[in-house]
Amino acid sequence: MATTIRKATRAQSKQHNLRLVLKTIYTAGEISRADIARTTHLARATVSTAVAELIDDGLVEEVGQKPSNGGKPATLLSVIDRARCTIGVDLADGEFRGGIVDLRGRVRQQESVRVIEMPGDAALAVIYELIDDLLASATDPVLGIGVGAPGLIDMRNGVICHTVHQDWSGLPMRDLLQKRYELPIYIVNDSHAAALGEYTFGEGIDKSTRNLIVLRVGPGVSAGIVLGGKPYYGDGFGAGEIGHIRVVPGGDLCLCGHTGCLETVVSRRVLLARAQEIARRDPESKLHLFAGAPEDIDRTGIVIRALFAGDEAVRLIVEEMGEHLGWAVANLVGALNVQQIRVAGRMSCFDDALLRPMRQVMHESAHTVLVNDTEITLATLGADIVVQGVAALLLSHEMGLV
Ligand SMILES: [Zn+2]
């Protein structure tokens, strides 16, 4: 018995050392064996054994010599970016997007399918096809598959519990994918994934606080929250689901069944309806340049173009949405005191027209001490933010890299 435990402990500590050495090389970019030993406090021999195994596994390579001052020059090691890859899928409203992502979060290949609202079974067939295609074209060993989906996701059981925009409730996505692909599968809320993606691979992230909120504004509104460098999911995996908080007492009926939710004043549906109203009312509206008839205003892109063409009425509705979002951010800042807020999603393309009123209302609606150091900026990852986010989740869970 004691021998079995000793053996198990030895195997665990070997595994631990391997991960530690790999993560140290990954974080450093290029580093020598001696510096790994200094950073990790592992014995030189332990580091050399681990490095030899990582080179054998094709994860690490020698990339050159470190300039030395006199002694024998040390060999530098680096993680091979394409040693493994992950398959990421974003089940966005209107478009399923998949990608092959390398160990540095770069999307090496991207594929997307336009979808209209569809029940779980039909959606699943499309997802299978998308993943089949990506797997067939992956040239590097695949670490696993991650799926970012809207709504409440029970991550423990890999089940989509509830979505407002799609009828997928109760879909046991993880088991179904695991059975078909026999790879590690992760199912996560898309906004949680986006926040982790931006935190891990985004530009200019101040990692000294290790906190970040990514507000996604598109079909709906939700926030992804990273606290202490880890995604914060909440007790029931619903952290950041702010789209259905009542902001207009006695307001319009929401898709969720309540009235006056944030999504009744900020969402793609509302944006398009209000833009159509403007176009109907005003024959001079710039919207007419980009859509034949008011009812043809069916994409956010048309409204974005009208804004940048100088349509004042469009600017006003975007600013009003920014004000509502600013109030939501003030509440998040009041609750969490996170200073890095980034905005993602299709509507982030409105840029300053949306962000300026957000900043202003946040400053007016939360404690000055809290908001003075809080910055609202655009997310630096683009349309693949969820695909890159689920890749980060896989790299964290499967390899301990991020
Ligand atoms: Zn609602």
Side-chain angles (χ1 to χ4, degrees), residues 90-95 115-120 123 148-155 159-171 188-195 213-225 232-277 298-300 303 317-336 341 343-348 350 354 357-358 361-362 365 386:
D90 173 11
L91 303 184
D93 196 40
E95 182 190 56
V115 287
I116 42 166
E117 258 179 56
M118 51 173 69
L152 273 183
I153 313 291
D154 173 355
M155 289 184 73
V159 175
I160 298 178
C161 299
H162 181 73
T163 52
V164 170
H165 300 271
Q166 299 278 4
D167 175 24
W168 299 340
S169 302
L171 190 71
V188 63
N189 168 276
D190 49 6
S191 293
H192 295 169
I213 291 175
V214 170
L215 198 72
R216 291 178 78 228
V217 194
V221 183
S222 56
I225 302 165
Y232 176 70
Y233 299 115
D235 292 340
F237 304 103
E241 280 290 333
I242 55 170
H244 299 281
I245 291 175
R246 179 172 293 156
V247 295
V248 186
D252 293 342
L253 184 66
C254 180
L255 293 175
C256 75
H258 289 169
T259 57
C261 298
L262 181 57
E263 288 194 8
T264 63
V265 283
V266 187
S267 67
R268 182 176 57 206
R269 193 171 57 95
V270 176
L271 178 80
L272 296 179
R274 295 194 63 184
Q276 288 181 1
E277 206 180 288
D298 57 357
R299 281 172 292 121
T300 307
V303 191
I317 56 172
V318 171
E319 282 179 359
E320 203 179 296
M321 290 188 175
E323 288 165 10
H324 285 294
L325 291 171
W327 191 83
V329 169
N331 282 282
L332 286 167
V333 170
L336 297 168
I341 315 277
V343 182
R346 190 69 176 114
M347 283 200 219
S348 65
F350 289 124
L354 189 76
M358 278 180 77
V361 172
M362 175 189 76
S365 318
V386 173

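Indexing begins at 1, ligand by ligand and atom by atom, following the structure's order.
Residue pairs satisfying the side-chain hydrogen bond (donor to acceptor under 3.5 Å, both in side chains) criterion with at least one member in residues 246-256, sequence neighbours excluded, are listed as follows: R246-T259.
The set of protein atoms (N, O or S) found at less than 2.8 Å from the Zn ion (ligand 1) reads H244 ND1, C254 SG, C256 SG, C261 SG, by chain and number.
Between C261 and G243 the shortest heavy-atom distance is CB-O, 3.5 Å.
Each of T300, D93, D298 was compared with R268 under the side chain to side chain donor-acceptor pair (under 3.5 Å) criterion, and only D93 meets it.
For Y232, there are no ring-ring contact (aromatic ring centres under 6.0 Å, His included) partners two or more places apart in sequence or in a different chain. Legend: residues meeting side chain to side chain contact (heavy atoms under 4.5 Å, CB included) with A123, ordered by chain and number and at least two apart, are F96, M118, W168.
Looking only at side-chain heavy atoms (C-beta outward), F237 and I153 stay at 4.5 Å or farther from each other.
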